[in-house]
Number of protein chains: 2
Amino acid sequence: MIQLNDKKYTCPIDFSLSFIDGKWKILILSHLHYCSNRSYSDFCNNLPGVSEKMLSQQLKELERDKLIIKTILSKKPYRVEYALTEFGKTLTPLYQFLSDWGIQYLKQNGIDYIKDQHLYK
Amino acid sequence: MIQLNDKKYTCPIDFSLSFIDGKWKILILSHLHYCSNRSYSDFCNNLPGVSEKMLSQQLKELERDKLIIKTILSKKPYRVEYALTEFGKTLTPLYQFLSDWGIQYLKQNGIDYIKDQHLYK
DNA sequence: CTGAATCCTATAGGATACTG
DNA sequence: CAGTATCCTATAGGATTCAG
């Protein structure tokens, strides 16, 4: 049992997972990976089904864990943008793998995501 | 929006995640990766905190998704063993990365998991 | 030993309305 | 635009007991 900051983890993987648990975190991170500097509403529009509550909650946790950083662009009109930190970028192989793995498996099920990407908007 | 078998996914990553969601799946899979052919009670003993309900539920889903396979070793006494399928092994980079990433980050927090692994049993 | 079945609770998560 | 706050529900998940 690993202990760090009053929390316990059964193994390193369990520890890693603690950064990316929650329904939307990996999707938020990967969106930032493929398209950096996104606004709050960008996420709303590109994460079908996310509720505002979850979005702001997960964004806050990701920010707390230093995986993303929020920059206030202007006070009025109030504008912000989110981006991956250097630390958040160290998870790049994760997004990449999950994406590649999914694409490959979808292909075996007759769905060519790359070729027909425009269909899946 | 990608549709497959009556389910919808926002992107390939979302699709991949559908195989590994649930609190214990990745840990179960990684345990099988590092130590193949485990029995039901092996999991009970090596996944601190897992309830029997969750364990059997997640094992069943993993089996349904063809990521693991259950072999009945003997009828009486009733004995089984679980192992990764070839398909399940295609997720190996995932376990590996999450493990490496966690170990590295732990190290930066003064925890040398490799060297002191015996302490974390 | 390997689970399935029940029952229960906490929390994840959604919908909506509101604020600077 | 970028969130908060509130209220509500569904489900994840735990504890325990039972069964082949």
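Labels below follow one simple rule: chain letters A, B, ... track the order of the sequence lines, proteins then strands, and each chain is numbered from 1.
With ring centers used as reference points, B:F97 lies 6.0 Å or more from A:F97. Residues A:F19 and B:W101 place their aromatic rings such that the two centres sit under 6.0 Å apart. Taking the ring centroids of A:Y95 and A:Y34, they lie at or beyond the 6.0 Å cut-off.
For the residue pair A:E52 / A:Y40, a side-chain donor-acceptor distance below 3.5 Å is found, with atom types taken as modelled.
With respect to the salt-bridge test (charged N to carboxylate O, under 4.0 angstrom), the residues A:K89 and A:E86 qualify. Here B:R38 does not pair with B:E81 in a salt bridge; the nearest charged N to carboxylate O distance is not below 4.0 Å.
In this structure, A:L55 atom CG and C:dA15 atom P are separated by 14 Å, rounded to whole Å. Rounded to whole Å, atom P of C:dT16 lies 12 Å from atom CD of A:E52. Taking atom CZ of residue A:F43 and atom P of nucleotide D:dC1, one finds them 15 Å apart after rounding to whole Å. For the pair A:N46 CG and D:dA2 C1', the interatomic distance rounds to 16 Å; values are reported in whole Å.
Heavy atoms from other residues, nucleotides or ligands lying under 6.0 Å from CD of A:Q104 number 12 at most.
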All N/O contacts under 3.5 Å from nucleotides 12-14 of chain C to the protein, with atom names and distances to one decimal?
unit_1	atom_1	unit_2	atom_2	d
C:dG13	N7	A:K53	NZ	2.7
C:dG13	O6	A:K53	NZ	2.9
C:dG14	OP2	A:S51	OG	3.4
C:dG14	O6	A:K53	NZ	2.8

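Residue B:S41 places at least one side-chain N or O closer than 4.0 Å to OP1 or OP2 of C:dT2. In this model, the phosphate group of C:dC1 is not approached by any side-chain N or O of B:S39 to a distance below 4.0 Å at OP1 or OP2. Proximity of B:Y82 to the phosphate of C:dG3: a side-chain N or O atom is located under 4.0 Å from OP1 or OP2.
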Tell me, what's DNA chain C's dot-bracket, Watson-Crick or G-U with both distances under 3.5 Å, | for other-strand, [ ] crossing? ||||||||||||||||||||
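For the contact set between residues 59-79 of chain B and DNA chain C, defined by any heavy atom under 4.0 Å, the members are B:K60, B:K70, B:Y78.
No single ILVMFWY cluster, assembled from side-chain heavy atoms under 4.5 Å apart, contains both A:I69 and A:L62.
A donor-acceptor pair under 3.5 Å links the side-chain atoms of B:S39 to the main chain of B:D42, judged by distance alone. Under a 3.5 Å cut-off, the side chain of A:S51 and the backbone N or O of A:M54 do form a donor-acceptor pair.
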Applying side-chain contact (heavy atoms from CB on, under 4.5 Å), run through A:R64 and A:K60 and close with a yes or a no. CA-CA 6 Å; A:R64 178 202 65 195; A:K60 243 191 297 185; over 6 Å; no
